[in-house]
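Given the structure is predicted, the values throughout are model-derived calculations rather than measurements. Position 1 is the first residue of the sequence, and the numbers go up from there. First listed ligand is number 1; within each ligand, the first listed atom is number 1.
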Amino acid sequence: MKLTPKDTVGLLLVVGTLSALYVHIGPEGHAAKHPSTVPDAGGSITTAVGSNTVAFVNVNVLPMDRDRARVLHNQVVIVEGDFVRSISPVEGFDLPNDVLIIKGGGTKYLVPGLTDAHVHLEEGAEQLLKLFVAKGVTTVFNLEGEQRHLDLRERIFSGEVVGPTMYTSGPFTNEPRIGTPQEAEAAVRQQALLGYDFVKIHGNISADAYRRMIDVGEEVGIPIVGHAPKNLSLSHVLGGQVSIVHAEELIYTGFPMLEESNLEVVASQIAAAGMWVTTTVSTLENNETQWGTIDGLEERLASRAASYIPQSLRDRWAAPNNYTDNYASERPQIGRMLDFLQPMLRALGDADVLMLAGTDTGKPVMVPGFALIEEIEALADAGLTSFDVLTAATSNAGRFVREFVDANASFGTVTRNARADLILLDGNPVVDLSQLETPSGVMLRGKWYDRDALDRMLAEVELSR
Ligand SMILES: [Zn+2]
């Protein structure tokens, strides 16, 4: 059938639903796998369709495919299987039969799913994966991995487990585990062979072992990421690892005196070296709150977000933890670092350093999904434009993976043939980032979860604590 922009009432007849603003299927996924008509708790109708094609009709698309914001108004976005197949103006569009229709009414915005580029999926984290999805986080970079993460990555990919697409590092490659260049080489080769996506440095390492690690990583095609080893100089690091996974780590090697006068020079060196930086401002805020005191920890544990965390993990997060177990007298210094992060991130942005949004989720008290929304707010507070914040949380992640991990990966944009990881919002997040807090729905690799389904996911996690 041919569509016009006003063609909204008629569309409902295609799939025969009654009153829902958009048709939705259950939390388990494709209608094709669940071909029965089942009333759900939201009061609307789950509608049977015989294909796994989904049409977002009359949505405004934020493609995130250019270096500036642009919106394609009044579009039809067709998703087939796991991928976006077409994006076309609604007027005159010939809608195929037998598709699941999600209505945008000309007002909703379709944006790329988010990536949290620094998480720790600790033991028992599997049941928390839905929290990411409920907050629109459709991809995560797990930065301390072992065999069970490789297994989980597969189970997510196969659809056995509902969760964000995962890329994972192996175990940390630094002292004391890695001392000599030979040990560094062996670790990189082994992790590449086992199928890890990144090699992660988390502490000091000798200059020789570091160099060998970088060279072997390049040879076998696995990127070296991590903290900036504090025993090495910035010049070592700039010629080495592809990313710094905590922005504040740059302070130790780049700005030990917290001197703003260095910012422009160092930022341009980082840009020239092509090194990526993961922001983690919310992480440092979180750490400062708890530094040397349990008050901040208890406050964060009492938050709504933390109410989804199971007791076993809450117990592990309880004091003393890495943050509370410090001297309160050091807290002002953390505060000064935090203050310095803001001009530092602005300087990195001005120098066109490529940034990823990350959180250290999994550490106390950073809650899956919720933490990335905190990070997005913190980046906006730091003075980044909302477009740059969104770039760090969407398209840059796709670009990073394509460049260093998988040349065929395509996500983080709403473009033809991109993975169908999408968020439907009531308004334009470039104008108002808070739109991200409560999505109308999330599509995870082609599976649609409307608001009711997302709320059920949250309820399920809360009940399973
Ligand atoms: Zn971490």
Note on the Zn ion (ligand 1): protein N/O/S atoms within less than 2.8 Å are H118 NE2, H120 NE2, D360 OD1
Extract all donor-acceptor atom pairs below 3.5 Å that involve side chains of residues 423-431 and protein atoms in other chains or at least two apart in sequence.
| from | atom 1 | to | atom 2 | distance (Å) |
| --- | --- | --- | --- | --- |
| D426 | OD1 | K108 | NZ | 2.6 |
| D426 | OD1 | S440 | OG | 2.9 |
| N428 | OD1 | V430 | N | 2.9 |

Aromatic ring proximity, centroids under 6.0 angstrom, Y308 and F370: yes
In terms of relative ring orientation, are Y167 and F198 parallel, tilted or perpendicular, with 30° and 60° separating the classes? tilted
Distance under 6.0 Å and angle within 45° of the ring axis: does K200 meet both against F172? no
Output a table of donor-acceptor pairs, distance under 3.5 Å, between side-chain atoms of residues 341-358 and any protein atom two or more places apart or on a different chain; print 'none' if there are none.
| from | atom 1 | to | atom 2 | distance (Å) |
| --- | --- | --- | --- | --- |
| R346 | NH1 | A382 | O | 2.7 |

Partner set under salt bridge (Lys or Arg N to Asp or Glu O under 4.0 Å) for D215, not counting sequence neighbours: R211
